[in-house]
Visitor: 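My structure is below; once you've seen it, I'll send some questions.
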2 protein chains.
Amino acid sequence: MAVFSPMPGCVAGASCCIVCSFAPPLPTPSVRVSVSVLVVGTVAFDSIETPFGAVDQVLGGSATYIALAARYFTRPVRLVGVVGGDFPEAYVDVLRQDGVDLDGLQVEPAGRTFAWKGRYHYDLNQRDTLATDLNVLESFDPVLPEAYRDSRVVCLGNLDPAIQQRVLDQVERPDLVVCDTMNFWIEHTPDSLRDTLRRVDCLIINDAEARELSGEANLVRAARLIREMGPEILIVKKGEHGALLFANGTVFSAPAYPLEDIHDPTGAGDTFAGGFVGYLARAGSFEADVLRQAVVYGSAMASFCVERFGPERLIGLTRDEVDRRAEAFRELAHIPALAPLV
Amino acid sequence: MAVFSPMPGCVAGASCCIVCSFAPPLPTPSVRVSVSVLVVGTVAFDSIETPFGAVDQVLGGSATYIALAARYFTRPVRLVGVVGGDFPEAYVDVLRQDGVDLDGLQVEPAGRTFAWKGRYHYDLNQRDTLATDLNVLESFDPVLPEAYRDSRVVCLGNLDPAIQQRVLDQVERPDLVVCDTMNFWIEHTPDSLRDTLRRVDCLIINDAEARELSGEANLVRAARLIREMGPEILIVKKGEHGALLFANGTVFSAPAYPLEDIHDPTGAGDTFAGGFVGYLARAGSFEADVLRQAVVYGSAMASFCVERFGPERLIGLTRDEVDRRAEAFRELAHIPALAPLV
């Protein structure tokens with residue numbers, strides 16, 4: 001199985017890529033770290049083609065990206081997922097380091113890991129799925145370790161809504177349930193998705209999915225309809241156009257970070273979710289201002305993700321880099337006091 | 001020739017629509033009004049179909065929308081354009097009121113007014129042009145009234161770049177030249193457009209046009225290439241996703257106002273330009289903060305424009321409404337102080 005090619009100049013044991021998997025451990029966070037995050041989703045092999053290159057069978061999956069982003073903000077980050085016997089120890093190491101708790105990662109020795117293959121178009125805004133091999137995911141029945149049941153924040157990564165519900169069944173009264181989904185579940189398991197949504201506090205989807213889920217082209221109307229399905233908080237991701245947060249009767253429009261070099265959008269949405277839930281868990285609050293801040297930190301993490309292939313850029317970031325990127329969003333969106341006409 | 005249908009409950013002489021053309025005169029602006037704006041562009045009959053209705057041969061054209069928006073901010077707003085003998089007095093009245101100086105509007109009695117017909121798709125983000133009858137525009141050779149030559153801010157609405165240049169030839173050292181264009185000129189008169197761009201301080205185009213003009217998919221790179229063509233300031237309009245301002249070495253991302261009811265996007269880009277140049281002229285300054293404020297006021301004006309068909313909503317707005325909408329953008333984009341990780 002191919003993994004990441006070493007970066008030019010890579011020295012095994014240095015800190016530059018997944019081949020090495022020796023990213024420097026993150027320093028202990030400076031602020032309170034108490035709220036546990038439970039992440040469920042896919043752990044996958046991704047094969048990705050973009051106009052800027054291609055990688056084969058790199059570490060991927062929604063739970064992977066969410067956990068790798070969330071661990072910058074809080075501990076523990078608990079991962080629930082499944083892989084096959086072909087899943088390499090090096091990838092386990094990447095995930096395990098720095099606060100990702102893998103006690104909930106099931107390994108099916110006789111099975112093969114879920115694999116996805118996709119190709120992005122010229123402008124990176126569209127992609128074609130070339131192959132989806134569910135493999136061990138087909139029979140995945142999540143069983144939470146006893147210690148996971150008290151998790152305070154739950155992030156349901158993109159996955160069969162029925163599996164998302166089975167995870168919720170095993171968690172005792174979490175403070176916040178955040179959910180991601182995608183067009184496949186909207187189209188193929190709409191009733192099951194509705195059942196999940198009734199149990200969700202915050203839904204994160206992209207604009208096309210919001211329109212499809214609501215049957216409404218106008219995003220403001222779509223948001224109202226979706227929030228009537230259950231989630232009090234709705235985040236609509238718009239890729240290179242940023243994100244919208246609908247909560248507390250107001251709308252927040254977050255910009256996207258203007259990058260000159262975007263290599264691979266894979267995982268950006270999951271990384272956003274990871275930064276978002278991580279920030280909320282760290283803050284220990286879900287009030288209006290904190291939600292906006294969390295959207296900005298989620299956007300900042302996503303902006304790092306797309307700079308390299310796969311989750312490579314999420315390995316070995318410093319918290320200072322994350323802070324500086326988040327602060328850049330404030331400058332980017334800053335509207336000076338206006339000189340009114342009246 | 002059909003005009004706007006009266007609004008339900010319309011009483012001739014009231015203030016609700018173009019049929020009446022009796023919008024209440026705007027009160028005299030409260031702040032200094034000294035910087036003159038010169039607008040050149042089309043004055044047209046627009047026939048528009050959207051999923052929400054259709055109108056036939058309503059008042060339209062780039063100069064129309066720019067002038068109707070700019071007049072909320074400064075006086076005089078001077079219009080240079082051409083119409084045929086079929087252009088109704090009622091439309092002249094709509095344009096003339098409240099500070100739009102029509103001394104530069106040429107009337108060709110034997111000719112017919114430029115006419116455009118278009119149909120918007122379901123999500124209003126795409127449109128098909130069904131007919132474009134250039135008519136008097138085909139032989140348009142702008143001759144500026146002597147009094148227009150000292151205009152301080154020039155707004156070149158979407159028009160043949162050669163005509164835009166002939167207008168610039170007749171203006172004495174303006175403080176700021178703002179230019180709009182579209183894909184037709186990028187594709188059909190690229191050399192002439194380049195000549196115009198060399199004489200322009202600020203270019204306003206949409207994201208697809210920015211990519212086409214630069215030959216670069218990434219907007220940040222595209223912006224750099226376009227600014228090398230002449231304009232120090234670049235604004236990239238993204239419709240429902242807001243706008244990006246590239247100036248002074250920084251980027252500003254302005255949101256779009258989240259409207260539940262968008263009836264007709266026609267003229268929104270021109271209205272943005274009108275609000276933008278109007279605010280700059282009123283402020284008498286083009287420094288970084290003022291540019292951001294002007295983008296917000298331009299966005300606010302555009303958000304009104306799309307609420308009704310044609311320029312109807314731009315008639316009879318109050319300045320207080322405009323201020324409140326602009327202030328809503330600040331709330332929409334506000335990022336609270338962040339709690340850093342380090």
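The chains referred to below are lettered A, B, ... by the order of the sequence lines, with proteins before strands, and numbering in each begins at 1.
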Visitor: What's the separation between atom NE2 in A:His241 and atom CG in B:Leu219, rounded to the nearest 0.5 Å?
Guide: 7.5 Å
Visitor: Chain A: which of B:Leu332, B:Thr250, B:Asp320 shares the most heavy-atom pairs with it under 4.5 Å?
Guide: B:Leu332
Visitor: Please say whether more than 12 non-hydrogen atoms of neighbouring residues, nucleotides or ligands are located less than 6.0 Å from CD in A:Glu232.
Guide: no
Visitor: With rounding to the nearest 0.5 angstrom, report the OG1 to CG distance, A:Thr318 to B:Leu341.
Guide: 9.5 Å
Visitor: Can you tell which of A:Ser253, A:Ala326, A:Ala256 has the highest number of heavy-atom pairs within less than 4.5 Å of chain B?
Guide: A:Ser253
Visitor: Would you give the length of the straight line joining atom CG of B:Asp289 to atom CD1 of A:Ile335, rounded to the nearest 0.5 angstrom?
Guide: 11.5 Å
Visitor: Got more than 12 heavy atoms from elsewhere within 6.0 Å of CZ, B:Arg119?
Guide: no
Visitor: Under 4.5 Å between any side-chain heavy atoms of A:Phe252 and B:Pro258, yes or no?
Guide: no
Visitor: Which bit of A:Val322 is near chain B, if near means a heavy-atom gap under 4.5 Å: side chain, backbone, both or neither?
Guide: side chain
Visitor: Evaluate whether atom CD of B:Glu260 has more than 12 neighbouring non-hydrogen atoms of other residues, nucleotides or ligands under 6.0 angstrom away.
Guide: yes
Visitor: Any donor-acceptor pair under 3.5 Å linking the side chain of A:Arg292 with the backbone of B:His334?
Guide: yes
Visitor: Could you check if a side-chain atom of A:Val220 sits within less than 4.5 angstrom of a side-chain atom of B:Leu259, using non-hydrogen atoms only?
Guide: no
Visitor: Measure distances from A:Ala337 to the heavy atoms of chain B and classify the residue's part below 4.5 Å as side chain, backbone, both or neither.
Guide: both
Visitor: Output the residues of residues 205-218 of chain B for which the shortest heavy-atom distance to chain A is under 4.5 Å, in residue-number order; output 'none' if no such residue exists.
Guide: B:Asp207, B:Arg211, B:Gly215, B:Glu216, B:Ala217, B:Asn218
Visitor: Tell me, out of A:Val295, A:Val290, A:Ile262, A:Val251, who's got the most heavy-atom pairs with chain B below 4.5 Å.
Guide: A:Val251
Visitor: Under 4.5 Å heavy-atom distance to chain B, tell me which part of A:Arg224 shows up: side chain, backbone, both or neither.
Guide: side chain
